[in-house]
Number of protein chains: 2
Amino acid sequence: MDKKDQNTEQNILNAAKKVFQLKGMDGARMQEIANEAGINKALLHYYFRSKQMLFDAVFKAAFEMIAPQLNEILNDESSIEDKIKNFTYNYISFIIQHPYLPNFIIQEINRNPEFILQMKENPGFPNLKKFKNQINDEVKAGQIKPIKAEQLFINILSLNVFPFIGKPLIEAIGDIDDNQFKLLIEERKTHVANFIINSIKV
Amino acid sequence: MDKKDQNTEQNILNAAKKVFQLKGMDGARMQEIANEAGINKALLHYYFRSKQMLFDAVFKAAFEMIAPQLNEILNDESSIEDKIKNFTYNYISFIIQHPYLPNFIIQEINRNPEFILQMKENPGFPNLKKFKNQINDEVKAGQIKPIKAEQLFINILSLNVFPFIGKPLIEAIGDIDDNQFKLLIEERKTHVANFIINSIKV
DNA sequence: ACTTTTGTTAACCAAATGGTTAAACTATTT
DNA sequence: AAATAGTTTAACCATTTGGTTAACAAAAGT
């Protein structure tokens, strides 16, 4: 594996990422990925044997970008309030840089739920254990209102992730353009945390 | 158009709905829809000229199931608290009966954002106007905490819609099975409204 | 220098796929 | 009952698509 090899491989991955995230597994075409990478279609199969394997590599890379973000709120040591503030701010900032990521991951997990089971094997896969303990403790200590950790987690995830997935719907119903949407998202970096904390603070 | 005609047409629509909602436009196959409907593939083209037109019919029908649900919270006359309670309860109950609907609609809107522009022409298409006025009025009257109507709407939508779209991800991270997920969703019929109202009540 | 391995391409292939055709079958009209 | 119009099918077609092959080019090893 010389430099050129690495370049080509990364080049293919970048092109594949672009096309897969835009069109999904079913909508993507190997020819389009080859064009995007500026290479021959056969070379795709030389580096990644099949469309499925190329897709798997792209999906895995995408998921490995998201997983640490989630672990930030699940496994960090600070108080729940601080965590919510940090997480919403960091997550929204991060997704602004990678706007296709959430929809891509959610879409493909739904298309083939067995994907996520493979990811689950990975040691870095997010899990709710620590978060559950923390919420239960803080509820017991009277620091926040009674709430089930699972529901709170779903709420945090929903409020942060959905706006990016539902963007075209939100823009249509709110009758706003991309720029106004961008401003709303910018606002949400702090709004979401305040909204959640308002709801659970004693 | 006799009885049999209507039956076949509806039969095709049902089959197409099933396949399209499960596989999406790109993943669906005309042959599979024909099999599902128990008819010849050519008959699909006899009733709906192309895959695109069949898909459009299915999508439109799906959207027309969702739109009135959204209008319930946008255009109803009752207080914001009552609306949130009613909407979350009704929406979640409704989606439990049609679990593939949210993902299908969001998915296909993202694949082709021009779809939603066509839907927007429809007079029944949800819009934020009335909702905005109501929120602004209730904020001014000191009945709820200051909040931008757009953000509140996004929050309501997120908390209600996302769990269904993110189901496999939530199940994986929470390490729960379909049955436990179902219980969480059942809980959310009231939890979501309480969570929102907690956050905005004075 | 030459042999071997690795990287790249153009041309090709078989299967799948959306769509068409022409004929058969069924109901309706006259 | 004959003609007409509407419904359904089997067979077919052109194109697209993921994947392969064989030849060529470029490094790397000897």
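Just so we're on the same page: letters track the sequence lines, and every chain starts at 1. Owing to the predicted nature of the structure, the values given are computational and were not obtained by experimental measurement.
Here B/F115 and B/F59 bring their ring centres to under 6.0 angstrom of each other. When ring centroids are compared, A/F20 and A/F55 come within the 6.0 Å threshold.
Minimum atom distance to the side chain of B/L43 is reached by D/dT8, of the listed C/dT8, D/dT8, D/dA10. For B/N40, counting side-chain heavy atoms from C-beta on, the closest listed nucleotide (C/dT9, C/dG19, D/dA10) is D/dA10. If you check D/dT8, D/dT9, C/dG19 against the side chain of B/Y47, the one that comes closest is D/dT8. Distance from the side chain of A/K41 is smallest for D/dG19 among the nucleotides C/dT17, C/dT8, D/dG19. When the nucleotides D/dT20, C/dA10, C/dG19 are ranked by their closest atom to the side chain of B/H45, C/dG19 comes out on top.
Straight-line distance from the CG atom of B/L54 to the P atom of C/dT17: 16 Å, rounded to whole Å. Across the protein-nucleic acid pair, B/M25 atom CE and C/dT17 atom P stand 14 Å apart, rounded to whole Å. If you take CD1 of B/I39 and P of C/dC25, they are 19 Å apart, rounded to a whole angstrom. In this structure, A/I12 atom CD1 and D/dG18 atom C1' are separated by 15 Å, rounded to whole Å. A straight line from CG of A/N35 to P of C/dA10 spans 12 Å, rounded to a whole angstrom. Rounding to whole angstrom units, NZ of residue A/K51 and C1' of D/dT16 are separated by 12 Å. Nucleotide D/dT15 holds its C1' atom 14 Å from the CD atom of A/Q31, rounded to whole Å. Distance, B/F48 CZ to D/dT7 C1': 15 Å, rounded to whole Å.
Checking the phosphate oxygens (OP1, OP2) of C/dT8, no side-chain nitrogen or oxygen of A/Y46 falls inside 4.0 Å. Taking only side-chain nitrogens and oxygens, B/T8 never comes nearer than 4.0 Å to OP1 or OP2 of D/dT7. Contact check, A/R29 against D/dG18: a side-chain N or O comes under 4.0 Å of OP1 or OP2.
Among the heavy atoms of the strands lying under 4.0 Å from B/A28 are primed sugar atoms or P, OP1, OP2 only; no base atom is included. No engagement by B/L44 is indicated, since no non-hydrogen atom pair under 4.0 Å with the nucleic acid exists.
Taking both residues in full, the closest heavy atoms of B/F181 and B/P163 are given as CZ-O, 3.4 Å, listed atom of the first, atom of the second, then distance. The shortest heavy-atom contact between B/R29 and B/V19 is N-CG1, 4.5 Å.
Using a 30° and 60° split on the angle between ring planes, B/F63 and B/F125 fall in the parallel class, below 30°.
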